[in-house]
Chemist: 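Have a look at this one.
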There are 2 protein chains.
Amino acid sequence: MKRSDKPAADGPNGPRLADFLCFAIYSANLAYGRAYQPILKELGLTYPQYITVVALWEEDDQTVSGLGEKLFLESNTLTPILKKLEGMGYLTRRRDPADERQVRVSLTDAGRRLREKGLGMNLVAASGLKPDEFSRMQKGIANLRDNLIRHAQAED
Amino acid sequence: MKRSDKPAADGPNGPRLADFLCFAIYSANLAYGRAYQPILKELGLTYPQYITVVALWEEDDQTVSGLGEKLFLESNTLTPILKKLEGMGYLTRRRDPADERQVRVSLTDAGRRLREKGLGMNLVAASGLKPDEFSRMQKGIANLRDNLIRHAQAED
DNA sequence: CTGATTTAAATCGCTTACGATTAATTCCTG
DNA sequence: CAGGAATTAATCGTAAGCGATTTAAATCAG
């Protein structure tokens, strides 16, 4: 039976960190955070705040749970982020009159304007990947993610 | 000039989340956390605590900064994790007599015993990847990470 | 040798991430 | 239609992650 998150043979002291796929993802995520940071600092946004805004560019007036599905986050994480963005004037939150349980999130003009301001960031270059490699890796990781989510959901 | 973290053409409402490599990594990291969680809960460890222990299996008696280099973390993040693991009895922290600025971290017997206990986790299957794909993706992402780190360091 | 500089770890404040719970609303079923 | 079940956000506590600062020790320069 395969042990741990790696198919390679274990070293004499057990599995090696460098062979873990989970650790590659974990550390790449940290690295992305650091690569994005100087750009996002200019906008005054954190990375989670930024992707929340991007998700709203794609589709405005979403519910918290709808947004959460796209971002893979739940209300306990998302609510504070949305409140922060609301405080900065980039979006509004209001109960849906048709179903008062739901909160609908909409961009303000300022939130839409971020689209023009922000994205002068060329992190494709920083990845060191050619466009076709970039695209293939992006799809491969998204597919991995979906498999993991399916696996986690089958657990319970 | 390429905009954002994606080489694909933008949609009518700007870049699409589904085309971001950074978002694939970000969400895959969340997914891994959820996939690992039932296994780690049995051990009573969090994921960062777990990889810290794995790094110490590979090389015992490391300094905080040495460990941090391998885990891509700094003392501000690592110190609380190490204190927690020390409190659980899995490692010891002591100032290096030869250089009192440094703290050397060593596994206890209990920490080494985790190696036998823990790793009955077959997340290779959960990834949905064949061993060669798994290995290729692991290397590709580690390479991406290293490029991003280099890029971030060139910034300052 | 002494005072400035550098280095290592720790501390603090703030923002995620998430399990568990709660409050409010809607729905379902008898 | 009444009362319990289900759904949606929000809240709370805990643990990362990280920028900025602090403390202590070692090193360096004059």
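Chain letters run A, B, ... following the sequence lines, proteins first and then strands; every chain starts at 1.
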Chemist: Should F20(A) and V54(B) count as side-chain neighbours, where that means a heavy-atom distance under 4.5 Å?
Modeler: yes
Chemist: Is a salt bridge present between E58(B) and K70(B), judged by a nitrogen-to-oxygen distance below 4.0 Å?
Modeler: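 So E58(B) does not pair with K70(B) through a salt bridge.
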Chemist: Are OP1 or OP2 of dG17(D) and a side-chain N or O of T77(B) less than 4.0 angstrom apart?
Modeler: no
Chemist: Any N or O donor-acceptor pair under 3.5 Å from the base of dG17(D) to the side chain of N76(B)?
Modeler: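 Side chain to base: no pair below 3.5 Å.
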Chemist: If you assign each of A31(A) and D99(A) to its closest nucleotide in DNA chain D, which residue comes earlier from the 5' end?
Modeler: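 Its nearest nucleotide lies further toward 5', so the answer is D99(A).
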Chemist: Between T46(A) and K41(B), which residue's closest nucleotide on DNA chain C lies nearer the 5′ terminus?
Modeler: T46(A)
Chemist: Roughly, in whole Å, what's the span from CD1 in I51(A) to P in dA17(C)?
Modeler: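 Rounding to the nearest Å, CD1 of I51(A) and P of dA17(C) are 7 Å apart.
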Chemist: Can you tell me if Y32(A) touches the phosphate of dG17(D), counting only side-chain N or O atoms and a distance under 4.0 Å to OP1 or OP2?
Modeler: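 Checking dG17(D) against Y32(A), no side-chain N or O comes under 4.0 Å of OP1 or OP2.
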Chemist: Between K84(A) and Q37(B), which residue's closest nucleotide on DNA chain C lies nearer the 5′ terminus?
Modeler: K84(A)
Chemist: Between P97(B) and T79(A), name the one whose nearest nucleotide on DNA chain D is closer to the 5' end.
Modeler: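 Whichever sits nearer the 5' end wins; that is T79(A).
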Chemist: Using only atom types and a distance under 3.5 Å, with no angle test, would you say the side chain of R104(A) pairs donor to acceptor with the backbone of D96(A)?
Modeler: no
Chemist: Give a yes/no answer on whether the side chain of R34(B) brings an N or O atom under 4.0 Å of OP1 or OP2 in dC18(C).
Modeler: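 Result: yes.
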Chemist: Which of these nucleotides, dA9(D), dT16(C), dA25(D), is closest to any side-chain atom of Q49(A)?
Modeler: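 Output: dT16(C).
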Chemist: Any side-chain N or O of S65(B) less than 4.0 Å from the OP1 or OP2 oxygen of dT7(C)?
Modeler: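 For dT7(C), neither OP1 nor OP2 has a side-chain N or O of S65(B) closer than 4.0 Å.
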Chemist: Without decimals, in angstroms, what is the distance between D96(A) CG and dA24(C) P?
Modeler: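 Spelled out: CG on D96(A) to P on dA24(C) is 19 Å.
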Chemist: Between R93(A) and dA10(D), is there a contact of a side-chain N or O with OP1 or OP2 at under 4.0 Å?
Modeler: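 Affirmative; the distance criterion is met.
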Chemist: If you take atom types as modelled and just measure distance, does the side chain of S75(B) reach the base of dA10(C) with a donor-acceptor pair under 3.5 Å?
Modeler: yes
Chemist: With a 4.0 Å cutoff (strictly under), does any side-chain N or O of Q102(A) reach OP1 or OP2 of dT26(C)?
Modeler: no
Chemist: So, S27(A) side chain and A24(A) main chain: donor-acceptor pair closer than 3.5 Å or not?
Modeler: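 Side chain of S27(A) to backbone of A24(A): a pair is present.
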Chemist: Establish, with yes or no, whether the OP1 or OP2 oxygen of dA17(C) is under 4.0 angstrom from a side-chain nitrogen or oxygen of Y47(B).
Modeler: no
Chemist: Rounded to whole angstrom units, what separation is found between the CG atom of L45(B) and the P atom of dC18(C)?
Modeler: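 Rounded to the whole Å, the gap is 18 Å.
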Chemist: In terms of side-chain heavy atoms of V64(B), which of dA9(C), dA17(C), dA9(D) is nearest?
Modeler: dA9(C)
Chemist: Any idea which of dA24(C), dC18(D), dA26(D) is nearest the L30(A) side chain?
Modeler: dC18(D)
Chemist: Can you label the angle between the F72(B) ring and the F23(A) ring as parallel, tilted or perpendicular, going by 30° and 60°?
Modeler: tilted
Chemist: Taking CZ from R101(A) and C1' from dA5(D), how many angstroms apart are they, rounded to a whole number?
Modeler: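 After rounding, the reported distance stands at 12 Å.
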Chemist: Side-chain N or O of T63(A) less than 4.0 angstrom from OP1 or OP2 on dT8(D)?
Modeler: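 For dT8(D), neither OP1 nor OP2 has a side-chain N or O of T63(A) closer than 4.0 Å.
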